Amino acid sequence: MRTWLLLLALWGLACTGAAQDRYQRIAEMLEAAEVDHPGLEGAVEMSVSGTDLGEFVRALGLSHGLNLSVDPAVKGEVVNAFQNARVSDVLLYLCKQYDLELELIGSIIALRPHVAEAPPPPAPTWRPPVVVFAADSGWIDLDLKGDSLGAVARAITLATGTNVVLAPGLDDRPVRAFLRRTSLAGALDKLAFANGLLVERGSDGTFLLRAQAAEPTKAGERGSRGAQTGGGSGGELELGVLPDGLLSVHARQAPIAQVIEQASAMLDKDYFFYDGVEGTATLHMDRVSYEDLLTGLLRGTALTHHVNEGVHLVGRRDLEGLRRTELVRLLNRPVKDLSNTIPEAMRKDVTLHEFVELNGIIVSGDAHRIDEIKGLLRGLDQAVPVVMIEVMIVDVNRSRTVSGGIQMGVGEPPEQSGGTLLPGIDYTLNAGTINNLIQSFNGFGLFNLGNVTPSFYVGIRALEADGVLRMRSTPQLSTLNGHEATLSIGETEFYLEVRNDLIGTQNPTVSTSQIYKPINADLSLRILPMVSSDDLVTLEIEVNQSNFTQRIAATAPPGSVERKFSSIVRVRDRDMIVLGGLEEKENSRSGNGLPLLSRIPVLKWIFGNRSSKRGRSKLTIFIRPTIIL
């Protein structure tokens with residue numbers, strides 16, 4: 001560490017000295033150029049603030065007759081006030097202030113950014129290979145980072161007292177390895193494997209390291225510390241047992257059956273093959289257990305394994321003794337229709353049956369597939385939020401009706417005159433009353449009016465009706481997250497349907513049947529809540545409102561008016577939203593009377609009847625969701 005600090009300090013001093021030498025060189029260059037460029041001796045009187053460096057140098061050259069060129073890569077702003085300063089001093093100042101390089105090219109003075117030279121790379125420092133050997137336990141630690149194989153072999157020999165011999169030509173070969181608490185034989189095996197070498201052990205205990213041969217070692221040949229190497233069908237296989245009972249397996253296109261056989265033999269494991277085990281495997285696994293090795297070798301094949309009374313059974317997944325059946329129970333959600341959510345690839349060769357009474361799924365099939373399905377079900381078995389939805393429906397109906405006029409006729413008169421005068425006028429006069437009124441006016445003028453016929457009557461009407469109807473309902477709905485909540489409020493009316501059937505051909509008779517059929521008008525609301533992880537609720541809302549209108553006949557079905565909308569909104573928990581705008585307006589006028597006279601203002605109310613109606617209906621809905629866990 002001290003060496004590196006010293007080198008950095010020396011390099012910094014060298015850079016500082018180099019910079020001073022560069023500025024001294026530029027000053028001498030400008031002084032020598034004053035002979036050919038008299039403008040360098042001129043005085044500069046200039047005050048600038050925030051001016052671009054290139055524009056400043058351009059103005060300096062124009063004012064003193066100098067050919068100054070600035071590289072486009074030069075960036076910066078000048079903020080200075082120069083009074084009676086020499087042009088050469090200003091250029092030297094700019095070179096120091098903005099780290100520029102000055103170059104004379106004939107009559108042109110060029111300025112460009114200074115490019116510092118890269119520092120020389122530090123000299124490589126040699127360190128001995130890190131080899132630590134514990135004589136009491138026999139463990140060895142290696143930390144090799146490109147060390148030469150000759151130096152490593154020498155360090156291992158000196159530390160352990162065991163000779164490590166290299167084949168010719170391997171002394172300068174760099175090797176890398178990092179091993180902790182490993183036996184000497186195991187360390188050399190892994191060192192050779194990681195660096196493309198082979199290790200052999202002589203009868204006198206000497207280890208020989210050599211380059212890999214063109215042909216693999218024959219099957220059954222014993223390597224170091226009981227390691228078994230071999231190959232079959234063109235594959236390579238290296239197996240070793242670590243002191244803690246775990247395996248070290250390195251295979252390249254080795255038959256799966258051979259890997260299982262040799263691993264079982266080295267660990268004294270009992271096994272049984274129901275069928276022929278086919279296929280090859282390429283793997284590199286250190287410190288792997290026997291069961292995990294079997295699982296990795298058979299995954300993705302049609303085979304599986306199972307332990308029965310210490311014997312490892314290997315065969316097809318659907319064979320008796322290799323199947324497993326168990327009940328997977330859920331705690332937080334219902335099991336109904338849950339099996340349909342399991343992917344088809346996971347359900348292959350597995351039987352699933354929902355047992356609703358125990359809120360579980362009976363799973364039967366391959367044990368590894370069952371474990372995979374159980375992992376998925378554990379992820380799905382989570383508490384689903386319940387959303388309570390408060391709905392307030394406000395429906396306001398306003399109407400105003402005005403009718404008036406005078407009606408006269410001859411027909412069956414009323415028994416006596418009468419009607420209402422307040423709050424509206426609806427009064428009928430019979431012939432007797434009218435004649436009494438005529439007699440009361442006779443004698444006041446030149447003419448006397450005669451009497452009307454006994455069947456004559458007069459009706460006078462002047463009415464105005466104004467009404468406001470407010471309807472308010474506040475239902476509350478609750479549903480699971482992702483499930484719909486519906487609300488329907490309405491009424492039913494019936495209409496008569498008459499059916500005539502002709503029965504018989506020679507003497508036909510008509511059969512008539514009457515059926516009252518229902519028709520509905522209601523307010524329906526459908527809400528689908530979806531809760532996100534940050535307590536935001538997305539609501540899909542559909543509203544449909546229908547009302548009855550007047551019938552065209554007494555037995556005809558009533559008409560209907562429908563208003564509906566749909567929307568998707570996103571709100572926070574307990575926030576209220578307002579859905580409005582469902583408004584219906586009605587404006588109608590009708591009347592009858594004498595031709596022409598019924599069109600004249602004022603007279604139309606005497607010689608005719610008039611009726612006008614205005615109405616407005618407005619529906620407003622308030623919705624507030626609340627998350628209940």
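Predicted model only: the values in this text are computed from it and were never measured. Values below: all heavy atoms of this structure, side chains included; hydrogens, waters and symmetry mates excluded.
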Do [X] and [Y] have side chains that approach each other closer than 4.5 Å (heavy atoms only, starting at C-beta)?
| X | Y | value |
| --- | --- | --- |
| Glu278 | Ile256 | no |
| Thr157 | Arg154 | no |
| Pro385 | Ile628 | no |
| Leu184 | Phe207 | yes |
| Ile373 | Val328 | no |
| Leu303 | Leu297 | no |
| Ile627 | Val537 | yes |
| Ile623 | Ile527 | yes |

Next on the checklist: As a quick check of understanding, evaluate side-chain contact (heavy atoms from CB on, under 4.5 Å) for Lys374 and Glu326, giving each step before the final call.
Outcome noted: CA-CA 10 Å; Lys374 288 174 62 177; Glu326 63 177 284; 3.2 Å; yes
Do [X] side-chain atoms and [Y] backbone N/O form a donor-acceptor pair below 3.5 Å?
| X | Y | value |
| --- | --- | --- |
| Glu354 | Asp337 | yes |
| Thr182 | Gly186 | no |
| Thr341 | Leu338 | yes |
| Asp381 | Asn332 | yes |
| Thr492 | Asn520 | no |
| Asn481 | Val531 | yes |
| Asp147 | Lys145 | yes |
| Asn195 | Leu191 | yes |
| Asn163 | Thr206 | no |
| Asp143 | Val130 | no |

Nearest 0.5 Å, what's the [atom1]-[atom2] distance between [X] and [Y]?
| X | Y | atom1 | atom2 | result |
| --- | --- | --- | --- | --- |
| Asn544 | Ser566 | CG | OG | 10.5 Å |
| Ile370 | Leu377 | CD1 | CG | 11.0 Å |
| Arg181 | Ile140 | CZ | CD1 | 13.0 Å |
| Ile156 | Thr162 | CD1 | OG1 | 10.0 Å |
| Glu238 | His250 | CD | NE2 | 6.5 Å |
| Ile577 | Leu539 | CD1 | CG | 5.5 Å |

Next on the checklist: Measuring centre to centre across the rings, with the benzene-like ring taken for any Trp, is Tyr271 within less than 6.0 Å of His305?
Outcome noted: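 Centroid separation for Tyr271 and His305: 6.0 Å or greater.
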Next on the checklist: The test is side-chain contact (heavy atoms from CB on, under 4.5 Å); show your working for Asp575 and Arg624 and say whether it passes.
Outcome noted: CA-CA 6 Å; Asp575 284 356; Arg624 181 172 67 179; over 6 Å; no
Next on the checklist: For Glu497 and Tyr516: C-alpha separation, side-chain torsions, deciding distance, then whether side-chain contact (heavy atoms from CB on, under 4.5 Å) applies.
Outcome noted: CA-CA 6 Å; Glu497 182 180 280; Tyr516 286 92; over 6 Å; no
Will you find, in the side chains of [X] and [Y], an N or O donor that is under 3.5 Å from an N or O acceptor?
| X | Y | result |
| --- | --- | --- |
| Asp292 | Thr295 | no |
| Ser364 | Thr325 | yes |
| Ser248 | Asp286 | yes |

Item to check | Candidate pair Ile568 and Ile541, rule side-chain contact (heavy atoms from CB on, under 4.5 Å), full reasoning | outcome: CA-CA 6 Å; Ile568 299 178; Ile541 305 171; over 6 Å; no
Closest non-hydrogen atom pair between [X] and [Y], with its separation:
| X | Y | result |
| --- | --- | --- |
| Val335 | Gly360 | CG2-O, 3.6 Å |
| Thr479 | Ala485 | CG2-CB, 3.9 Å |
| Gly196 | Arg173 | O-NH2, 3.8 Å |
| Val386 | Ser478 | CG1-CB, 4.5 Å |
| Pro558 | Phe548 | CG-CD2, 3.7 Å |
| Val175 | Leu144 | O-CB, 4.0 Å |

Checklist entry - What residues form a ring pair (Phe, Tyr, Trp, His ring centres under 6.0 Å) with Tyr290, not counting sequence neighbours? => result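 Residues passing ring pair (Phe, Tyr, Trp, His ring centres under 6.0 Å) with Tyr290: His312.
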Checklist entry - With a 4.0 Å cut-off, would you call Arg210 and Glu200 a salt bridge? => result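 Salt bridge: yes.
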